[in-house]
S.K.: 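Before I ask anything, here is the structure I am working with.
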Amino acid sequence: MIKGFIFDLDGVITDTAEYHYLAWRELANKLGISIDRKFNEQLKGISRTDSLEKILNYGGKSQTYSEAEKNELADEKNKEYQKLIQSITPADLLPGMAEFLAEIKAANLKLGLASASKNGPFILKRLGIANLFDTVVDPESLKKGKPDPEIFTKGAKQLGLTIPECVGIEDAEAGIESINAAGMFSVGVGSPEAMRFSDIYVAKTAELNLEMIQKQIKS
């Protein structure tokens with residue numbers, strides 16, 4: 001019996017991917033590396049550190065910077081990103097998400113956030129939904145980021161639930177891999193190709209609803 005839902009943030013609850021892209025592009029330009037939106041798809045769902053490493057590898061500069069310098073670069077990107085997300089409001093919830101979250105809470109089910117973003121709590125507040133979430137996994141507390149299952153197993157533990165009692169919802173391939181590796185029922189949001197490994201998927205967040213998911217789990 002399902003007792004809780006564990007959500008990714010970017011691309012599921014709201015779309016801050018554009019802000020991430022703009023912040024990463026600005027940093028990359030300063031480093032003499034040119035990235036585009038196609039390359040940015042590789043950065044979705046993974047940690048800030050892993051994203052920076054991919055950019056440096058792409059530009060052939062992975063060995064140019066020390067670990068301390070890489071940490072400074074990651075912090076620089078985050079500061080730019082934080083400036084951009086100051087303008088987020090409840091209107092930035094993705095279509096149908098306010099209704100879906102309300103439906104889950106009305107059914108007395110628990111809600112958790114499993115985002116690679118360290119800014120998750122701030123964004124939930126800006127969206128006006130922080131009070132709906134029972135727990136938020138701190139990505140800095142993790143030994144490994146997505147696609148490792150740790151973030152979802154920890155989310156279930158923080159909710160006080162077992163893995164089979166939880167549903168994970170993601171829009172990134174790395175995220176679906178993380179949910180599946182945890183042994184949790186996975187719901188994908190995106191194209192059939194990108195979400196091909198999810199247990200079920202919808203094309204858009206507006207298609208998410210509790211009854212549909214519960215029926216799919218029972219079938």
Side-chain angles (χ1 to χ4, degrees), residues 2-22 40-41 43-46 81-82 84-139 146 151-152 155-156 158-159 161 165-176 178-180 182 184-192 194-195 198-217:
I2 295 304
K3 296 182 179 179
F5 283 77
I6 303 176
F7 282 78
D8 177 42
L9 179 62
D10 294 334
V12 177
I13 295 175
T14 189
D15 192 359
T16 61
E18 179 69 8
Y19 299 132
H20 280 294
Y21 168 63
L22 293 173
N40 188 62
E41 290 298 310
L43 309 183
K44 291 184 177 180
I46 64 174
Y81 173 71
Q82 287 177 327
L84 294 171
I85 61 175
Q86 293 295 324
S87 61
I88 289 177
T89 72
D92 291 302
L93 279 167
L94 285 173
M97 190 50 59
E99 295 80 3
F100 184 45
L101 293 174
E103 189 180 16
I104 291 171
K105 296 307 291 185
N108 293 316
L109 303 178
K110 293 184 176 181
L111 275 174
L113 187 74
S115 171
S117 174
K118 298 175 185 177
N119 299 292
F122 172 79
I123 293 172
L124 291 182
K125 288 180 182 178
R126 295 292 307 173
L127 292 168
I129 57 172
N131 62 310
L132 299 179
F133 282 79
D134 299 286
T135 195
V136 174
V137 179
D138 177 6
K146 301 171 187 178
I151 194 168
F152 283 96
Q158 288 180 197
L159 288 174
L161 302 176
E165 292 175 328
C166 297
V167 171
I169 303 184
E170 269 278 2
D171 76 312
E173 291 184 53
I176 292 298
S178 178
I179 298 170
N180 290 342
M184 196 175 290
F185 190 87
S186 58
V187 177
V189 180
S191 68
M195 297 294 103
S198 61
D199 289 311
I200 61 171
Y201 75 90
V202 295
K204 300 176 181 179
T205 54
E207 298 172 24
L208 290 168
N209 72 81
L210 183 57
E211 183 180 2
M212 176 271 289
I213 294 172
Q214 289 176 325
K215 283 183 177 179
Q216 291 289 338
I217 292 172

S.K.: If every non-hydrogen atom of E170 is compared with every non-hydrogen atom of M195, which pair is closest and at what distance?
M.R.: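 Minimum heavy-atom separation between E170 and M195: O-SD, 4.0 Å.
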S.K.: Does S178 have any side-chain hydrogen bond (donor to acceptor under 3.5 Å, both in side chains) partners at least two apart in sequence or in another chain, and if so, which?
M.R.: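 Scan of S178 (side-chain hydrogen bond (donor to acceptor under 3.5 Å, both in side chains), adjacent residues dropped) gives none.
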S.K.: Among pairs that include at least one residue of residues 117-139, which meet salt bridge (charged side-chain N to carboxylate O under 4.0 Å, His left out), considering only residues two or more places apart or in two chains?
M.R.: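 Applying salt bridge (charged side-chain N to carboxylate O under 4.0 Å, His left out) to every pair that reaches into residues 117-139, excluding sequence neighbours, yields K105-D134, K118-E140.
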S.K.: With sequence neighbours excluded, tell me which residues meet salt bridge (charged side-chain N to carboxylate O under 4.0 Å, His left out) with E41.
M.R.: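 By the salt bridge (charged side-chain N to carboxylate O under 4.0 Å, His left out) rule, E41 matches K44.
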S.K.: Which residues satisfy the salt bridge (charged side-chain N to carboxylate O under 4.0 Å, His left out) test with K204, sequence neighbours excluded?
M.R.: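 Counting only residues at least two positions away or on another chain, K204 forms no salt bridge (charged side-chain N to carboxylate O under 4.0 Å, His left out).
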S.K.: Out of the candidates E165, K110, K3, only one should pair with L159 under the side-chain contact (heavy atoms from CB on, under 4.5 Å) rule; please name it.
M.R.: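 Only match with L159 under side-chain contact (heavy atoms from CB on, under 4.5 Å): K110.
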S.K.: Of all heavy-atom pairs between L93 and A98, which one has the smallest distance, and what is that distance?
M.R.: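 What the structure gives for the nearest pair is CD1-CB, 4.0 Å.
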S.K.: Measure from the side-chain N and O atoms of N119 to the backbone N and O of F122, and report whether any donor-acceptor pair falls under 3.5 Å.
M.R.: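 It does not hold such a pair.
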S.K.: Output the distance between atom OH (Y19) and atom CD1 (I85), rounded to the nearest 0.5 Å.
M.R.: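 Separation between the atoms: 9.0 Å.
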S.K.: Measuring from L210:CG to L101:CG, what's the distance to the nearest 0.5 Å?
M.R.: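 CG of L101 is found 11.0 Å from CG of L210.
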S.K.: Please give me the minimum heavy-atom distance between A114 and I6, naming the atom from each residue.
M.R.: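 Distance-wise, the nearest heavy atoms are CB-CG2, 3.5 Å.
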S.K.: If you look only at pairs with a residue in residues 86-104, which of them pass as a salt bridge (charged side-chain N to carboxylate O under 4.0 Å, His left out), with sequence neighbours excluded?
M.R.: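 Passing the test, one end in residues 86-104: no pairs.
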S.K.: Using the ring-ring contact (aromatic ring centres under 6.0 Å, His included) criterion, which residues pair with Y21? Sequence neighbours excluded.
M.R.: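 For Y21, no residue satisfies ring-ring contact (aromatic ring centres under 6.0 Å, His included) once neighbours in sequence are set aside.
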S.K.: What is the distance from atom CD1 of I104 to atom CG of L109, rounded to the nearest 0.5 Å?
M.R.: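 It comes to 7.0 Å.
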S.K.: Going by the rule ring-ring contact (aromatic ring centres under 6.0 Å, His included), which residues pair with F7 if we only count those two or more places apart in sequence or in a different chain?
M.R.: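 F7 satisfies ring-ring contact (aromatic ring centres under 6.0 Å, His included) with F100 only.
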S.K.: Please name all residues satisfying side-chain contact (heavy atoms from CB on, under 4.5 Å) with A102, sequence neighbours left out, ordered by chain then number.
M.R.: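 side-chain contact (heavy atoms from CB on, under 4.5 Å) check on A102 returns nothing, list empty.
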S.K.: For the residue pair S198 and S186, what are the closest heavy atoms and their distance?
M.R.: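 Taking S198 first and S186 second, the nearest heavy atoms are CA-OG, 3.3 Å.
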S.K.: What residues form a side-chain hydrogen bond (donor to acceptor under 3.5 Å, both in side chains) with E173, not counting sequence neighbours?
M.R.: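 With neighbours one apart ignored, the set is empty.
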S.K.: Could you grab the distance from atom CZ of F133 to atom CZ of F5, nearest 0.5 Å is fine?
M.R.: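 Between F133 CZ and F5 CZ, I get 11.5 Å after rounding to 0.5 Å.
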S.K.: I'd like to check the side-chain hydrogen bond (donor to acceptor under 3.5 Å, both in side chains) partners of Q86; sequence neighbours left out, ordered by chain and number.
M.R.: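 Q86: no side-chain hydrogen bond (donor to acceptor under 3.5 Å, both in side chains) contacts found.
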S.K.: Could you grab the distance from atom CG of L111 to atom CD1 of I13, nearest 0.5 Å is fine?
M.R.: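 CD1 of I13 is found 8.0 Å from CG of L111.
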S.K.: Considering residues at least two apart in sequence or located in another chain, which fulfil the side-chain hydrogen bond (donor to acceptor under 3.5 Å, both in side chains) criterion with D171?
M.R.: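 Per chain and number, D171 pairs via side-chain hydrogen bond (donor to acceptor under 3.5 Å, both in side chains) with no residue.
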S.K.: Can you tell me how far CG of L9 sits from CD1 of I169, rounded to the nearest 0.5 angstrom?
M.R.: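 Output value for this atom pair is 12.5 Å.
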S.K.: Are N180 and D199 close enough that some pair of their side-chain heavy atoms sits under 4.5 Å apart?
M.R.: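 Yes, at least one pair of side-chain atoms sits under 4.5 Å.
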S.K.: Do V137 and F152 come close enough that some side-chain heavy atom pair is under 4.5 Å?
M.R.: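 Sidechains of F152 and V137: no contact.
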S.K.: Can you give me the closest heavy-atom contact between G155 and T135, atom names plus distance?
M.R.: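 Heavy atoms of G155 and T135 come nearest at O-CG2, 4.2 Å.
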S.K.: Write out all pairs satisfying salt bridge (charged side-chain N to carboxylate O under 4.0 Å, His left out) with one or both partners inside residues 6-22, taking only residues at least two apart or from two chains.
M.R.: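 Qualifying pairs: D8-K146, E18-R37.
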S.K.: Keeping T14 on the side-chain end and T16 on the backbone end, is there a donor-acceptor pair under 3.5 Å?
M.R.: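 Side chain of T14 to backbone of T16: no pair is present.
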S.K.: Looking at every heavy atom in both M97 and V12, which two are closest together, and how far apart are they?
M.R.: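 Smallest interatomic distance, heavy atoms only, reads CE-O, 2.9 Å.
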